[in-house]
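Proteins come first, then strands; the chains are lettered A, B, ... in the order of their sequence lines, and each starts at number 1.
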Number of protein chains: 2
Amino acid sequence: MSASSLDLAVLGLLKEGPMHGYELRKRLAFTLGPLYAVSYGSLYPCLKRLRKDGLVASAEHPEPKRRRSKRVVETKPATSRRKQVYEITPSGEALFFEQLELGAIYDTDRFQTRFAFFRYLPGDERIRLLEHRKAYLEEKLAEFKDTLRATRERIDAYSRSLIDHGVAATEQDIAWLAGLIDQEKAAAQDGGRSIRGS
Amino acid sequence: MSASSLDLAVLGLLKEGPMHGYELRKRLAFTLGPLYAVSYGSLYPCLKRLRKDGLVASAEHPEPKRRRSKRVVETKPATSRRKQVYEITPSGEALFFEQLELGAIYDTDRFQTRFAFFRYLPGDERIRLLEHRKAYLEEKLAEFKDTLRATRERIDAYSRSLIDHGVAATEQDIAWLAGLIDQEKAAAQDGGRSIRGS
DNA sequence: TCTGCCATGTAAGCCGTTACATGATTTT
DNA sequence: AAAATCATGTAACGGCTTACATGGCAGA
């Protein structure tokens with residue numbers, strides 16, 4: 001069974017507790033970073049598919065959220081759109097761990113999605129993935145700088161600026177990874193604790 | 001007529017001279033930055049579509065690249081796969097300029113593709129787009145920091161690191177744009193020259 | 001009551017990918 | 001002549017988006 005980045009993220013968030021779609025969307029943007037936001041047109045079909053595959057279970061929200069001292073009208077229609085609360089199933093958990101271990105080093109989105117749930121991986125696995133990702137970015141960067149150096153043609157100033165910025169951004173990524181690796185290694189020696197407490 | 005980022009990039013590169021697909025792909029990665037590479041499965045259908053719409057013209061590469069002192073066998077099959085050399089047509093140029101002016105501030109790829117061809121825009125238009133993009137990123141960032149601040153829940157260390165990194169990357173983007181805006185303004189006062197010569 | 005936000009969903013389409021298939025040219 | 005690289009293309013599919021459609025719930 002295959003799973004997209006979104007599948008993984010949804011399962012990972014639902015591990016922390018039942019949630020409905022709308023809330024899930026907010027948590028997604030919040031968990032994965034400033035510019036990541038998934039649309040409902042993507043999220044709801046995803047949830048539907050996960051439910052169909054038995055990876056999540058859903059129940060209509062039962063609680064009519066009664067306001068104090070106000071008579072609650074029972075007999076909610078129940079026929080129409082009610083809040084669907086999703087929770088992860090055991091096979092959903094199994095898929096989550098299976099997918100989390102795959103790594104997915106070459107794609108920024110996939111890597112970051114996994115990174116957001118790193119606490120579910122053992123320390124050595126975390127280090128392995130971080131180093132693998134870092135090596136990949138370094139390789140890409142070196143490759144690119146070679147091309148740049150080998151180029152005889154004069155390059156347009158805007159294109160040049162774009163490339164320089166891309167290089168700087170990638171270097172910042174690499175530095176971030178290097179810092180994380182250091183922390184992980186320190187934590188590993190420090191009794192196997194994760195960076196959580198640092 | 002609508003055009004994707006790839007369409008625009010292809011047209012923009014072909015403005016500099018005729019090229020075949022394979023070469024175009026290399027130039028694309030080179031023009032747009034370290035991690036941007038389009039696959040042939042995307043590029044060739046794009047070229048086909050552009051040709052169908054009369055935005056580029058293609059000719060089979062005529063030159064059999066004769067090696068010195070070697071008899072050239074004419075009668076190349078011509079029935080099978082030969083190098084296709086593409087060039088931009090007048091209507092292709094028209095579409096290029098039309099699309100370039102649209103801006104596309106909200107999507108990183110689209111913005112960067114346009115930026116790579118900024119030399120074809122007048123100075124004030126360049127400044128307008130840079131400022132618009134910068135304002136958008138600043139807004140996103142502020143929004144995100146607000147959310148972050150307003151959040152009571154303790155956040156997982158890895159998720160936190162991911163977000164901090166995203167924020168830092170976005171701030172780097174904004175600084176890059178700010179620098180470009182300064183340069184453009186200086187150049188505008190300095191007799192309307194572009195940053196090309198700086 | 002009406003406005004605004006919470007909430008769920010579908011349909012159509014965009015824009016790319018991977019995997020595959022083929023052939024031409026150059027180098028060893 | 002074999003191997004590597006250049007070069008062109010198609011088929012199937014993936015994973016998202018926008019635009020649309022619907023309705024619940026709370027407060028001014």
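- Distances shorter than 4.0 Å separate none of the side-chain N or O atoms of A/S39 from OP1 or OP2 on D/dC16.
- Here B/R110 reaches the OP1 or OP2 of C/dC15: one of its side-chain N or O atoms lies under 4.0 Å away.
- To the nearest 0.5 Å, atom CG of residue A/L55 and atom CZ of residue A/F96 are 12.5 Å apart.
- OP1 or OP2 of D/dT10 sits under 4.0 Å from a side-chain N or O of B/K48.
- Residue contacts shown for B/G21 are limited to sugar-phosphate atoms, with no base heavy atom under 4.0 Å away.
- Residue contacts for B/R49: at a heavy-atom cut-off of 4.0 Å it reaches no nucleic acid atom on any strand shown.
- Ion pairing of B/R27 with B/E23 is absent here, as no side-chain N (NZ or NE/NH1/NH2) approaches a carboxylate O to less than 4.0 Å.
- Between A/L50 and A/L14 there is no side-chain heavy-atom pair separated by less than 4.5 Å.
- Atom CD in B/Q84 sits roughly 15 Å away from atom C1' in D/dC6 (whole-Å rounding).
- Using a 4.0 Å heavy-atom criterion, one finds that B/R25 contacts no nucleic acid atom at all.
- Side-chain N/O atoms of B/Y22 include one lying less than 4.0 angstrom from OP1 or OP2 on D/dC6.
- When atom types are taken as modelled, the side chain of A/R114 and the backbone of A/Q99 share a donor-acceptor pair closer than 3.5 angstrom.
- Straight-line distance from the CG atom of A/D107 to the C1' atom of D/dG14: 12 Å, rounded to whole Å.
- Residue contacts for A/Y86: at a heavy-atom cut-off of 4.0 Å it reaches the sugar-phosphate backbone alone, with no base atom in range.
- Using a 4.0 Å heavy-atom distance criterion, B/S4 is classed as a sugar-phosphate-only contact.
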